Amino acid sequence: MQSKNTQAEDSWEFLPLDEAFCQVPEASMTVANSADERMEAVFECVVELWEDGVSPADVVIMASCPESASYLQAFLMGRIEGEAATQNYCEDDEADSGERDDLAVDDALPEESCDCGAHHHSNAECDCVSDEPDPYADLADFVAAVTITWVRDVACAVLATPEAQAVTGREFSGAGPRILSAFEEDFLMEDLKTWGSRPKRLREMCKFLYRGVTELADEAPHWLIMVEEIEIYRFMRRELEYLGAVLEPEVSNLATKALRGDTNLQAGFAYDHVIAYDYQYMSRASQLLCHLIAAESLLAVAGVNTTVDVFESYPFSRGVEEFTRINPDAEVTWVGVSGASVNTHLAWRDTDAEFEGVTEAIAQKVAEGISPDHIGVVCFHPYWASRVQRALQEHKIPVNSWYKALAVRGDVRDNALCLPLRVITLLRLLVNTSDSVAWRAWFGFGDYLARSAEFKEVREEAQEADPAAHFATVAMGSQWGASVLKALEGCKDLGGEALFQALVGIANSTLAHQGATSEGSTEAALSVHMQSGSAAATPLPALLRPLLILGAQATAQDMISHLETLQFASGLCPDEGVVVTSLTGAASLEFDALFVVGFVNGLFPIHDYFDLTKITVDKQNKMAAENEETVELLKMLARDEIVVSTFETIDVELARKAQVKQDRIFQDSDGVHKSDVSESVCLARLLRA
Amino acid sequence: MAEATETVVTEALPEEMRTALIDLCEQRALTYGLLSRLYRVEVDEAFYADLCQTSFPAKTGNDLIDRGYRNIALYCAGHGNDALLDLAKDFVKVFIGHGNNAYSAAYPFESVYTSEKRLMMQEARDELLGTYAQAGLALGADWHDPEDHVALLLEYMGIMSTRTQEALAAGKDDEALGLLADQRAFLQRHLAGWVPMLAADMERFAQTDFYRGLAQLTLGYVQEDKSFLTSIIAEED
């Protein structure tokens, strides 16, 4: 354990954050609380650029997440079609009618309305105007040609370049940055523990470090004061360099460093006009990345609510005020607050009555003519979401389910519990044999400490000899590594489930021998496996089944690409129906009618809010402020109506599992243990117009 | 907290009904008094002697009450004064226990059973402070336990029964029915919801038929009294 009295030296030097460097010649910001208003602001900007004759190749729209990007694209195209439909009329009709109205099919037009003498209801039908170019077709082509992406995608593209890797010192063996999966972070954590800090202290410190990294605090002088923090951060950086990997919070941070460190690189990624959509959901580093790639103009479209982690961890709430500080001449437009005009509270006896009652209320809305796509249901617990979904499906109401990012997790210490993770690791090695992260995972599977002490020795020795060393080199040169590569040779031509079965066989056969240092042991085990033929087909673990959707011809590369999409993105399925989701899922959406289900103490606010043995009074006050912001966000999700649903009693077991705050437990006449529940302390605020 | 209710009676109760109600309330007061005593402290020599000489009803119409009385009676009949030590040990085992969590005994406090974390001195106890004050009752100087002890709740019901009996005897029908309505609300709020759980735990921890019988008797009597109060108030409505 290192002495805490020595002052550590930091050998990394990066350009300090110079806000003037990030300044954009023409910066503007639109702040609007509702998603519709924000998308409308983007549309207006796009139309303006199109009217100015800007080339679409010079424009990029950067959303905060892939889901926002696809919604935005759909909105823009839909908006153009809508605009074309309302504008599409016979010009002669306007001269006769004196004003332009939306055309009704049964409107009788004067016989002489058109030179050809026929009745026309749109230019599309009228040959007289068929020679006129459709202006909206040109706009549609413009929008189709504009790059609509999300900020992490841009950051990854930056980091994939050799220039960025030279600046940041982080080299990647694959096509782009290697972002650690959830289970791969467990190996990193085990390695960090070798420094000597207690696990709980280490976890809290990592949260602090990750947040600081997203806010580019690592460039502030004396960001880390304690020697322990400095050393652990240094340790982490060394390890990530050795593994050729990057943590999710680091992606935008390193990309901004790379762009600031190489002006040619910055010029290569620059667009003349940048529109940053949902600016408030981006981390500080991502927000500044938008500034760095904007050569002439930047429009940031933001809401004011950032209590929800939509995609990136640690969205930077002070980004709105920082924008005006970086761009003092920026024009900021505040769009008027909109929201639901009707608020209804439905109180139910118990949870079963609530699910049934909410379903009937939704059915009534659909019967009244509201499209299911325009109805949203926000739940604060997965059980409520699944029960509402089930009830809606039983009532034959279409439901659009929200898929969560695939959590690639498992207990890496127990081989019996992490088979899917070992298969995924083998898949990665099949795609890229130089994947140091995969080698590190393979080296550590099955050991209670993930062989962290051995790995630390190997790493320190390797980096002392060559600071640019990578673990893959050591692994491939070792006996056990060579055995794995040899086994994977037989899988190169396989695809789909056949590939998975082969990898499962390899994973199981090297169970006791992976990472073994004794010579011949792994090879012996593998040779036994290969002689006996492939193992009988085993049912695939649930974690791997989403990868089978690609079909029997899917290669390892296809599967890994799909896996990365699944584990770093969540969103709505491309079906149509009532959207049942969590608050995180609904944050970027807007509905005609919003149902908030289970709005009781314990679900919202969360149970800890009421327990002063778990949080301090200061923390409670802070949570109260965040709850108020969340309530305001909920209000902005509904255009016309919010329906809030609560219940009065709940089964005690369900209450314990869901951490609903139980006011009073009792046994009813049927002998069932139930508890009284109170409606949320935030209910009055939510119902207030 | 049990809220006072106002019941307006336009006609006086028939005399026969009045007499029956007076007798019933007297019986209720005695039964609640007995139950309260059994929960308050261990059985002492004098009380045990009284119990051994008491004739308990055999067929009350409620199976739990009958079993409860039978178990208590049989225990008293089958054991002499040497039973006092066993009963004292069982009292401790059932109500005090020797563990360090909230599940080591049948703790006779409403807060324990009605709160999330099975803690004492929770909202139930706070409510009862108000209820007792409203009824003009205060704890005796020798009482050192929280106000939501089951002995106090049962004693409260006994006191209210006595007051009802007195009101009926004095011809104050409105007051009597008001008191009955209060008792119904109190029983629903502060006894019926958690006594079944207490009784289940008592049967689990008790080593003697005496305290198992007490659990059955308490549960059965609360059920019966709830039915009675519900029906009597419904009739008047």
Side-chain angles (χ1 to χ4, degrees), chain A residues 347 349-353 380-381 383-384 598-617 619-620 623 646-681 683, chain B residues 1-2 62-64 102-103 106-107 109-128 130-131 148 150 153 184-204 215-216 218-220 222-231:
Chain A
R349 185 185 67 254
D350 55 29
T351 51
D352 290 336
F380 298 97
H381 192 276
Y383 177 79
W384 270 256
F599 202 62
V600 299
N601 288 335
L603 291 181
F604 188 89
I606 61 170
H607 195 281
D608 282 359
Y609 175 80
F610 302 97
D611 191 346
L612 288 176
T613 63
K614 288 189 178 172
I615 59 170
T616 60
V617 172
K619 172 80 176 165
Q620 191 185 50
M623 287 170 82
T646 63
F647 51 90
E648 294 168 357
T649 61
I650 186 172
D651 181 80
V652 160
E653 276 312 305
L654 175 59
R656 280 191 190 134
K657 283 179 190 168
Q659 298 206 298
V660 174
K661 184 177 180 296
Q662 301 174 69
D663 291 341
R664 192 183 194 92
I665 298 173
F666 63 93
Q667 183 169 314
D668 70 3
S669 52
D670 297 325
V672 178
H673 290 194
K674 292 188 176 175
S675 54
D676 290 333
V677 169
S678 295
E679 53 199 33
S680 171
V681 294
L683 179 64
Chain B
M1 184 160 87
N62 182 294
D63 182 52
L64 277 171
Y103 297 89
Y107 302 106
F109 303 99
E110 183 182 354
S111 290
V112 171
Y113 283 92
T114 60
S115 65
E116 255 181 333
K117 294 186 181 180
R118 287 178 71 93
L119 298 174
M120 291 169 61
M121 308 290 277
Q122 299 298 295
E123 287 168 11
R125 174 257 178 190
D126 296 341
E127 278 183 29
L128 285 164
T131 304
D148 58 347
V150 68
L153 304 184
R184 182 183 67 169
F186 182 89
L187 193 144
Q188 181 65 35
R189 178 81 177 155
H190 290 289
L191 280 169
W194 70 283
V195 161
M197 296 187 271
L198 172 70
D201 280 350
M202 283 173 68
E203 291 212 53
R204 199 154 56 91
Q216 291 153 358
T218 311
L219 179 58
V222 166
Q223 287 173 353
E224 274 304 305
D225 206 34
K226 182 180 168 189
S227 300
F228 161 69
L229 290 168
T230 305
S231 64

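Fair warning: this is a prediction, and the values are worked out from it, not measured in the lab. Lettering follows sequence order; numbering is per chain, from 1.
Residue contact with chain A, scored on non-hydrogen atoms closer than 4.5 Å, involves the backbone and the side chain of Glu116(B) alike. With a 4.5 Å cut-off on non-hydrogen atoms, Lys117(B) touches chain A through its side chain but not through its backbone. Neither the backbone nor the side chain of Gln122(B) has a heavy atom closer than 4.5 Å to any heavy atom of chain A. Ala200(B) does not touch chain A: none of its heavy atoms, backbone or side chain, sits under 4.5 Å away. Asp611(A) touches chain B through its side chain: at least one heavy atom from C-beta onward sits under 4.5 Å away, while N, CA, C and O do not.
Side-chain contact check for Glu123(B) versus Arg664(A): every heavy-atom pair is 4.5 Å or farther apart.
A distance of 10.0 Å separates OG in Ser669(A) from CD in Gln223(B), rounded to the nearest 0.5 Å. Rounded to the nearest 0.5 angstrom, Gln188(B) CD and Phe666(A) CZ are separated by 9.0 Å. Residue His673(A) holds its NE2 atom at 10.0 Å from OH of Tyr113(B), rounded to the nearest 0.5 Å.
Of the listed residues (Ser115(B), Gly193(B), Ala192(B), Ala124(B)), the one with the most heavy-atom contacts under 4.5 Å to chain A is Gly193(B).
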Steps toward side chain to side chain contact (heavy atoms under 4.5 Å, CB included) verdict (Thr114(B), Gln662(A)): CA-CA 9 Å; Thr114(B) 60; Gln662(A) 301 174 69; over 6 Å; no
